[in-house]
Protein chains: 2
Amino acid sequence: MAPSSKKHRQQLTRSGSRQDRLTAYLREAGLRPTRQRMALAALLFDQGDRHVTAESLYSEALESGVKVSLATVYNALHTFTSKGILREISIDSSRSYFDTNVEEHHHFYFEKSGTLEDIDQSQIRLTRLPKTPGGLKISRVDVVIRVDG
Amino acid sequence: MAPSSKKHRQQLTRSGSRQDRLTAYLREAGLRPTRQRMALAALLFDQGDRHVTAESLYSEALESGVKVSLATVYNALHTFTSKGILREISIDSSRSYFDTNVEEHHHFYFEKSGTLEDIDQSQIRLTRLPKTPGGLKISRVDVVIRVDG
DNA sequence: CAAGCAGTTTAGAATTATTCTAATGTTAGG
DNA sequence: CCTAACATTAGAATAATTCTAAACTGCTTG
Ligand SMILES: [Mn+2]
Ligand SMILES: [Mn+2]
Ligand SMILES: [Zn+2]
Ligand SMILES: [Zn+2]
């Protein structure tokens, strides 16, 4: 790779298909692939399923040398959520978790560490759901198994 | 009732068996039946099952003429929870709900109004719970059905 | 490849829910 | 009554999140 006119670039910025995939992913979601969104999306979507908080993602971004503000992290998390590529989980009233797994699934919550682990939908059988009051539409069913450790 | 040496008392302070029941209830939970706890307990436990937030209970207390501070409401909610006569529910990361129903049960969450409604345990059949990682003990299983209205 | 605008980022201030502090008041037992 | 432990309180402090308004950048159009 020839040295470019810019002083330096982020490590991850060039790499062909990975970048392209992320760009396409953001575009498909109707979002501009800006520098900070790309960097955050790389952290979020280049590993397996993840559960992050705004602070945890912000720390990661800083550690990996991405220049981004906390406000932008909040913006990105909410924007990604509204576009359906993240999902928000309320499990602890002191902070929000965001989940890269947007399929229907459930969670273990480890109370001591404050961490989450996915439970595939097939692992839980929910039968006999009650009918909703007034026949209102169900937007989501969340099962959280809180465990002690 | 002869006028007492104290300037005035709260309206509800005297009333025989209802007071006595609440007093006994707090005592059994290992709590001193103080004026503000009694007043809050009356609001919480004298109606059917309730779901309150600190603010909502505080407003109610003020409206009904109970002199209590917000800090005391938080103290009482947490103390009651630690003694097992309330239970805390995290459904919305912006605030905690406290539930006077401490039996195992589940909830409808009405997203527009931010209100909760109980679902009896018998109304939901949860089969095939996955085994917990490391064989950790389950402390609670919460099912929340989010509905649109 | 400009030019320009909508959309994005940002620092820092503001807001909101909740917790803390330390002083004052109350309960319950002897 | 006296007292010690417990509870309440106002207000300050904290922490997560949102807002503001100005600076910036991606993208479309000429
Ligand atoms: Mn009920
Ligand atoms: Mn908060
Ligand atoms: Zn998940
Ligand atoms: Zn309930």
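Protein chains get the first letters and strands the later ones, always in sequence-line order, with residue 1 at the start of each.
Ring pair H107(B)/H105(B) is perpendicular by interplanar angle, where above 60° counts as perpendicular and below 30° as parallel. Using bins of under 30°, 30° to 60° and over 60° for the plane-to-plane angle, the ring pair Y25(B)/F45(B) lands in the perpendicular bin.
T23(B) places a side-chain N or O within donor-acceptor distance of the main-chain N or O of Q19(B), the cut-off being under 3.5 Å. Although no hydrogens or angles enter the test, the distance criterion places no donor-acceptor pair under 3.5 Å between the side chain of S17(B) and the main chain of D20(B). Between the side chain of D120(B) and the backbone N or O of S122(B) there is at least one donor-acceptor pair closer than 3.5 Å. Looking only at distances, a side-chain donor or acceptor of R87(B) sits under 3.5 Å from a matching main-chain atom of E103(B). Remark: the backbone N or O of R146(B) is paired with a side-chain donor or acceptor of S139(A) at under 3.5 angstrom. Although no hydrogens or angles enter the test, the distance criterion places a donor-acceptor pair under 3.5 Å between the side chain of T127(A) and the main chain of R125(B).
Note: CD (E88(B)) to C1' (dA17(C)) measures 12 Å, nearest angstrom. For the pair M38(B) CE and dT27(C) P, the computed distance is 11 Å after rounding to whole Å. In this entry the distance linking CG of L62(A) with C1' of dT9(C) reads 15 Å, nearest Å. With rounding to whole Å, R27(A) atom CZ is found 13 Å from dG7(C) atom C1'. With rounding to whole Å, L31(B) atom CG is found 14 Å from dA5(D) atom C1'. At whole-Å resolution of the value, CD1 in I91(A) and P in dA16(D) are 17 Å apart.
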Could you check D148(A) against R140(B) for salt bridge (charged side-chain N to carboxylate O under 4.0 Å, His left out), going step by step and ending with a plain yes or no?
-> CA-CA 9 Å; D148(A) 206 304; R140(B) 190 162 122 189; over 6 Å; no
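Put simply, the residue from R27(A), M38(A), R37(A) that forms a side-chain contact (heavy atoms from CB on, under 4.5 Å) with R32(A) is R37(A). Exactly one residue among L26(B), L44(B), T100(B) makes a side-chain contact (heavy atoms from CB on, under 4.5 Å) with I85(B). That residue is L26(B).
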Which atoms of nucleotides 23-25 of chain D (N or O only) lie under 3.5 Å from a protein N or O atom, and what are those distances?
none

Quick one: which protein N/O atoms are closer than 3.5 Å to N/O atoms of nucleotides 28-30 of chain D? Pair and distance per line, please.
none

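A salt bridge is defined here as a Lys NZ or Arg NE, NH1 or NH2 lying under 4.0 Å from an Asp or Glu carboxylate O, and D99(B) with R50(B) fails to meet this definition.
Within the 4.5 Å cutoff, the side chain of L126(A) has heavy atoms near those of the L126(B) side chain.
Taking Ile, Leu, Val, Met, Phe, Trp and Tyr as members and joining any whose side-chain heavy atoms lie under 4.5 Å apart, directly or through other members, V102(A) forms no hydrophobic cluster with any other residue.
Contacts of residues 50-60 of chain A with DNA chain C (heavy atom under 4.0 Å): none. Non-hydrogen atoms lying under 4.0 Å from DNA chain C are contributed by A71(A), T72(A), N75(A), all within residues 70-81 of chain A.
Residue R37(A) has no polar side-chain atom (N or O) positioned under 4.0 Å from OP1 or OP2 of dG26(D).
Residues S69(A) and Y58(A) share a closest heavy-atom pair of C-CE1, 3.7 Å.
Listed candidates were dA28(C), dT9(D), dA17(C). Nearest to the side chain of R95(B) is dA17(C). Looking at the side chain of K67(A), the nearest of the listed nucleotides dT18(C), dT10(C), dT17(D) is dT10(C).
Within 6.0 Å of atom CD in Q47(B), more than 12 heavy atoms from other residues, nucleotides or ligands are found, so the atom counts as buried in its surroundings.
Each end of the helix from dC1(C)-dG30(D) to dG30(C)-dC1(D) gets its own rotation axis from five pairs of C1' atoms, and the angle between them is 30° to the nearest 10 degrees.
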